[in-house]
Each structure stands twice: as C-alpha cells, then as structure tokens.
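All values reported here derive from a predicted model rather than from experimental measurement.
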Amino acid sequence: MTVWIAIGATAVGCYLVKLLGLLVPAGALERPLVKRLAALLPVALLAALTAQQTFSTGQHLVLDARGAGLAAAALALVLRAPFLVVIGAAVAVTAGVRAVGG
C-alpha cells in the first residue's frame with residue numbers, strides 16, 4: 001500500500017509542478033537569465049546523471065570500463081564525430097576494456 005501512496009503523491013506532485021509552470025507570467029520567461037538557465041539546466045542535469053551512473057555502484061565510487069567508454073565518447077565528441085560513431089566508440093571501448101580485464 002505504501003508504494004501506491006508514493007506513486008499517487010508523485011503523480012500529484014508532477015501535476016502541481018506542471019500547473020505551476022503554466023501559471024508563470026510570460027514576461028518572467030522572457031528574461032535573459034531565465035532563458036539562459038532554461039538552456040543550461042538540462043545539460044547540467046544530464047551530465048550529473050551520466051557521471052553518477054558511470055562512476056558509482058551503490059554507495060561506492062568506482063573507476064571501471066564505463067569510465068573508459070565515457071572517455072572514448074568524449075574524445076569522439078571533441079573530434080566532432082556523428083552521434084552513432086560516438087555511441088559506437090563508447091560501446092566498443094567499454095566492451096574491449098571488459099574483455100581485457102576479465
């Protein structure tokens with residue numbers, strides 16, 4: 001039963017956040033600072049999620065094949081590779097490091 005209460009509370013919370021966003025005056029959304037934050041916040045959140053998923057296991061900080069794959073993807077991005085090449089490089093390097101490491 002507790003799980004259903006949590007699901008219901010989360011759904012209501014999401015709805016209220018969405019409603020709050022619709023109630024913000026249009027003038028407030030046109031400010032340069034708000035526009036800049038709206039552009040940068042998703043990037044920062046995605047970077048934080050990527051780092052958390054790559055460098056942690058449970059409560060422990062780890063450096064394993066996932067870190068090498070992320071480094072390969074970052075290098076491919078710096079070299080302006082197409083998206084599928086970036087993903088392919090990350091997968092290939094991660095698999096290679098896991099195969100060599102046992």
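Remark: Ala68 engages Val93, Val97 in a side chain to side chain contact (heavy atoms under 4.5 Å, CB included) (not counting sequence neighbours).
Judged as a salt bridge (Lys or Arg N to Asp or Glu O under 4.0 Å), the pairs with a partner in residues 49-73 (not counting sequence neighbours) are, in order, Asp64-Arg66. Applying the salt bridge (Lys or Arg N to Asp or Glu O under 4.0 Å) definition to pairs two or more places apart or across chains, none involves residues 44-59. Note on residues 1-13: no pairs pass side chain to side chain donor-acceptor pair (under 3.5 Å), not counting sequence neighbours. Residue pairs meeting the side chain to side chain donor-acceptor pair (under 3.5 Å) criterion with at least one member in residues 47-56, sequence neighbours excluded, are Gln52-Ser56.
Here Leu70 sits in one hydrophobic cluster together with Phe55, Leu61, Leu63; the rule is ILVMFWY side chains under 4.5 Å apart, joined directly or through other members.
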For residues 27-45, please give each side-chain donor-acceptor pair under 3.5 Å, one per line with the distance, not counting sequence neighbours.
from: Glu30; atom 1: OE1; to: Lys35; atom 2: NZ; distance (Å): 3.3

Mind listing the side-chain donor-acceptor pairs of residues 78-87 below 3.5 Å, one per line with the distance, residues two or more places apart or on another chain?
none

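Across all non-hydrogen atoms, the minimal contact from Ala73 to Ala90 is CB-CB, 3.9 Å.
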